[in-house]
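Excluded from the calculations below are hydrogen atoms, water molecules and symmetry mates; all remaining heavy atoms, backbone and side chain alike, are included.
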Amino acid sequence: MARFEDQLAAVEAQGSDAQGNDISGNGAQGFTRRGFLIGTMAGSAMMAFGLSGAASAASDVSGSNGSASESLAAGRYEPTIWYAIAPDGTVTVHITKAEMGQHVATSLARLVAEELEADWSSIEVVYVDSDPKWGHMVTGGSWSVHHSYLPLSRAGAAGRIALIEAGAKLLDVDPADCRARNGQVISGDKSISYGEIVSQAGLERTFSEEELKDISLKPASERRVLGTKGTALDVPAKVNGEAIYGIDVTVDKMLYARPVLPPTRFGSKPVSIDDSAAKQIDGYRQTIELDDPSGVCQGWLAVIADSYSSAMRATDALKVEWQRGDSYDISEADIQEQGHTLVNSPSRDNGSLFVDIGDVSSGLEGASEVIDSTYTTSSVLHFQLEPVNATVFEEDGHWHVHCGNQQQTLAVGMLSKSLQVDKSKITLHQYYLGGGFGRRLYGDYTIPAALAAKALGRPVKMLFTRPDDTRFDCVRSPSVQRLRSGLDGNGKVVASEHAAAAGWPSAAMAPAFLIEPVENGGKVDSFAISGADHWYDVGAQRVWAQQNHKAHEVFVPGYLRSVGPGWTTWAVEQHIDELALAAGKDPARFRLELLNAEGRNAGQAPHSVGGAERLKAVLERAMAKADWDSRDSLPDDVGMGVALTFGQERSMPTWVACIVRVKVNRGDGSVDVEQLTSVADAGTLAHPDGAMAQLEGSLLWGLSMALYEGTEYQQGKPKALNLGAYTPLRMNQVPKMDLEFVDSDAMPVGLGEPGTTVVAPAIANAIQHAVGVRLRDMPMRAEALKAAL
């Protein structure tokens, strides 16, 4: 599978998303910088990567030419500045990622501080705006720490080298006799702080791309920041109320707007509008139709008022007659029916190969026994705590968009087409996100606010109510999967075929992220099939990715925390259990037998070093912690189940094992998850406290989706529009949790998503062990289990 860097290169080469918006970020990639510049300007030391490619050529400045201070001061191009050191020693790290509760700024600042040898108490962070100098801005896929590790660590190390050289000169000593510690350069009994160096020395040092790659990072034994406990930098502001979210933004002369959503996302339009009742509401101004050249807002209206309360009440009083789009008549059942048709197609001419190893057809034909199972999942909503919103205004020909967003580069491109202005005329100002979970990877919610501001010539703050947000959500598509695997006479897996049908988020939002298939058909959305390319040795293997186009007729399929593995792991890990039972083997030990670190499963340095052996290690540790061997002596209707995951991508695996103990109530079919044990190997932990919070939160959301969440589409919208009907996990349903990270100095990988994928199949496997019922539909509703008992 293509790595993120390759996919990002494709995005920038294609330069457009599903609506044709240029999302190239002006060619500035965050991971292929030409050089690293360190210079003193205006009383501070600025550490900067020079732009590569067209941006560098246009500026006629190479990252390795000219003096650093001259290049930084000349204004001939804008460097990508990662951090700055002020004369008082404050180190300000510029954060290009979105903070939505995962403490990402703390983790990224720790990468810099570790190699810079900065005093942690001197660290401050700033969340930057959408200036293209930052490259393609995206926070998702559990990528942030993993993809930032080498660039930011090397940036910190380069800064340390330059400061030691400059400090040695001021101390009149040999740089070889100096070391850096806690924001100081030290030589014997002499020392000088970073702030003093910045104040006194003309820092001027360049590093070529090759020199940066040759920098040796500190061995794990010498780390003083990474892997240690510490408070997240964003916590104080969130506790004392200083944190500003998009929903908090106010500007002078601002009007409020609430969207009036059409009955379907596509193809609807208003026939008549009666606002006579709305006119009786104090503060109501008018209702406008939004003309969107990008096609995102089809048939939308916006109610304008002096306050949000007025906008809400006026919207409810409005009477609109609609011409509905065709998708009004498409239901969830219709989408799932199409999925079943796709995965049961014998020719597979409606899909593309994602994995193709060996002769699967012959293997299945010659097997002693073939296990054939179909699994489904429902539409899942994001329900982030802060409904989507945006505040937009134009000033001196430049558009300012204030909101929380996970992919600023994409949002700016979309806004450019909707407002019909160049991207250089748009700045997205970033704020804390009251939850993201992938919903804010798509900036569609900024467009109606911008169109309203353009129509009125005034700043507009548009807020979505919870039902508005739900109706406009980019849901995780329902899915249907069919797995067929063959066993020989000894219970060994000899061949396996997996067909998965769902809506594809990348096809809807960013088609440049689609990758070339192994063969057969068009490109593949890896975000809709990752997880099916697992680390088990199943002999011949074939994986088909199939796009369910009917889902795309109803809604925009979205990225929801874990994306494809949220449904592919559900199927894979249940299917492995079914194979173990058919072979008469213990499900956990059966997995151990399949985890052979050979061939494609051996792993590659530095991202997946160790391969299947590391997945085997976390499983063995989880078995010991959960007392797996007590499984067959549990009370009646109590069972234990196991599942494994490697996170979102083979190229960035996070090795996770999960064992759950459940009790089934035969009277009503309810399931109590009594104990959840999980062991994870995520390599180096930049921020252990944040890592544990990520693991806890993701496991609990996985549990929530397994048993409680999920809705269905009816008449153009989700059946559940608010949390009363959607019923996610409640506090009293949280089980006892025993979680552990493997001590590792390997490259850090992702932690935001792996836990969400592994819980559901573990619960399903535990239910089967407890009462002998196999539930293949998620969520696992109590009524379905009761009916099966």
Distance, nearest 0.5 Å, that separates CD1 of Ile85 from OG1 of Thr92: 9.5 Å
Where Asp745 and Ala220 come nearest, the two heavy atoms and their spacing: CB-CB, 3.5 Å
Gln184 side chain vs Ile192 backbone, donor-acceptor pair below 3.5 Å: no
Where Gly436 and Met100 come nearest, the two heavy atoms and their spacing: CA-SD, 3.7 Å
Separation between CG of Leu108 and CD of Glu99, rounded to the nearest 0.5 Å: 9.5 Å
Donor-acceptor pair, side chain of Thr139 and main chain of Ala98, under 3.5 angstrom: yes
Ring pair (Phe, Tyr, Trp, His ring centres under 6.0 Å) assessment of Tyr127 paired with Tyr431: CA-CA 8 Å; Tyr127 300 91; Tyr431 294 83; over 10 Å; no
Derivation and outcome, side-chain contact (heavy atoms from CB on, under 4.5 Å), residues Thr106 and Asp234: CA-CA 8 Å; Thr106 300; Asp234 60 291; 4.1 Å; yes
Student check: side-chain heavy atoms of Met254 and Thr391 closer than 4.5 Å: yes
Aromatic ring pairing His429/His400, orientation class (parallel under 30°, perpendicular over 60°, tilted between): parallel
Intermediate values then yes/no, salt bridge (Lys or Arg N to Asp or Glu O under 4.0 Å), Glu386 and Arg439: CA-CA 11 Å; Glu386 177 195 14; Arg439 172 60 185 97; over 6 Å; no
Sub-4.5 Å side-chain heavy-atom contact between Trp399 and Val392: yes
Approximate separation, where rounding is to 0.5 Å, of Trp82 CH2 and Ser148 OG: 6.0 Å
Sub-4.5 Å side-chain heavy-atom contact between Lys461 and Val251: no
Heavy-atom donor-acceptor pair, Arg561 side chain to Gly752 backbone, under 3.5 Å: yes
Residue pair Ala155 / Tyr83: nearest heavy atoms and the distance that separates them: O-OH, 2.7 Å
His402-Gln430 side chain donor-acceptor pair, cut-off 3.5 Å: no
Qualifying residues under side-chain contact (heavy atoms from CB on, under 4.5 Å), relative to Pro219, sequence neighbours excluded: Ser221, Glu222
No-hydrogen, no-angle side-chain donor-acceptor test under 3.5 Å, Arg223 and Thr684: yes
Beyond-backbone contact of Val679 with Leu739, side-chain heavy atoms, under 4.5 angstrom: no
Test item: Asp681 side-chain N/O and Gly683 main-chain N/O as donor-acceptor pair under 3.5 Å: yes
Minimum side-chain heavy-atom gap Met137-Val412 below 4.5 Å: no
Carboxylate-amine/guanidinium proximity below 4.0 Å for Glu211 and Arg154: no
Would you mind writing out the side-chain donor-acceptor pairs for residues 109-123 within the sub-3.5 Å range, not counting sequence neighbours?
unit_1: Arg110; atom_1: NH1; unit_2: Val225; atom_2: O; d: 2.8
unit_1: Arg110; atom_1: NH1; unit_2: Thr228; atom_2: O; d: 3.0
unit_1: Arg110; atom_1: NH1; unit_2: Ala686; atom_2: O; d: 3.0
unit_1: Arg110; atom_1: NH2; unit_2: Thr228; atom_2: O; d: 3.1
unit_1: Arg110; atom_1: NH2; unit_2: Lys229; atom_2: O; d: 3.3
unit_1: Glu114; atom_1: OE1; unit_2: Arg224; atom_2: N; d: 3.2
unit_1: Glu114; atom_1: OE1; unit_2: Val225; atom_2: N; d: 2.7
unit_1: Glu114; atom_1: OE1; unit_2: Leu226; atom_2: N; d: 2.7
unit_1: Glu114; atom_1: OE2; unit_2: Lys218; atom_2: NZ; d: 2.5
unit_1: Glu114; atom_1: OE2; unit_2: Arg224; atom_2: N; d: 3.0
unit_1: Glu115; atom_1: OE1; unit_2: Arg160; atom_2: NH1; d: 3.1
unit_1: Glu115; atom_1: OE2; unit_2: Lys218; atom_2: N; d: 3.1
unit_1: Glu117; atom_1: OE1; unit_2: Arg224; atom_2: NE; d: 3.4
unit_1: Glu117; atom_1: OE2; unit_2: Lys218; atom_2: NZ; d: 2.9
unit_1: Glu117; atom_1: OE2; unit_2: Arg224; atom_2: NH2; d: 2.5
unit_1: Asp119; atom_1: OD1; unit_2: Ser121; atom_2: N; d: 3.1
unit_1: Asp119; atom_1: OD1; unit_2: Ser121; atom_2: OG; d: 2.9
unit_1: Asp119; atom_1: OD2; unit_2: Ser121; atom_2: OG; d: 3.0
unit_1: Ser122; atom_1: OG; unit_2: Asp119; atom_2: O; d: 2.6

Spacing of Gln648 atom CD and Phe527 atom CZ [to the nearest 0.5 Å]: 6.0 Å
Separation of Phe741 CZ from Arg621 CZ (nearest 0.5 Å): 14.0 Å
Using distance only, find each side-chain donor-acceptor pair of residues 165-178 under 3.5 Å and give its atom names and separation, not counting sequence neighbours.
unit_1: Glu165; atom_1: OE1; unit_2: Arg205; atom_2: NE; d: 3.0
unit_1: Glu165; atom_1: OE2; unit_2: Arg205; atom_2: NE; d: 3.4
unit_1: Glu165; atom_1: OE2; unit_2: Arg205; atom_2: NH2; d: 3.4
unit_1: Asp174; atom_1: OD1; unit_2: Ala176; atom_2: N; d: 2.9

Check: Phe437 ring centre within less than 6.0 Å of His382 ring centre: no
Side chain proximity check, Tyr442 to Arg440, heavy atoms < 4.5 angstrom: no
Side-chain (Ser153) to main-chain (Leu150) donor-acceptor, under 3.5 angstrom: no
Main-chain N/O of Ile244 paired with Asp248 side-chain donor or acceptor, under 3.5 Å: no
Any donor-acceptor N or O pair under 3.5 Å, side chains Ser193, Glu196: yes
Side-chain donor-acceptor contact under 3.5 Å, Glu753 with Ser142: yes
Glu394 side chain near Lys425 side chain, heavy-atom distance below 4.5 Å: no
Any donor-acceptor N/O pair, Lys97 side chain to Val138 backbone, under 3.5 Å: yes
Other residues, nucleotides, ligands: >12 heavy atoms within 6.0 Å of Asp743 CG: no
Smallest separation among heavy atoms of Leu163 and Leu203, with atom names: CD2-CD1, 4.1 Å
N/O donor-acceptor pair under 3.5 Å between Thr654 side chain and Gly750 backbone: yes
Verdict with reasoning, Val742 to Trp655, per side-chain contact (heavy atoms from CB on, under 4.5 Å): CA-CA 10 Å; Val742 171; Trp655 317 101; over 6 Å; no
Stepwise side-chain contact (heavy atoms from CB on, under 4.5 Å) test for Glu740 and Ser678: CA-CA 6 Å; Glu740 179 180 302; Ser678 185; over 6 Å; no
For Gln406 against Gln408, the heavy-atom pair lying closest together: C-OE1, 3.8 Å
Minimum-distance pair of heavy atoms, taken over all atoms of Thr446 and Cys403: CG2-SG, 3.8 Å
CA sep, side-chain torsions, deciding dist, call: Tyr149, Leu217, side-chain contact (heavy atoms from CB on, under 4.5 Å): CA-CA 11 Å; Tyr149 175 66; Leu217 302 181; 4.1 Å; yes
Heavy-atom check, side chain of Trp143 versus side chain of Met652, under 4.5 Å: yes
Separation between OG1 of Thr409 and CG of Leu428, rounded to the nearest 0.5 Å: 9.5 Å
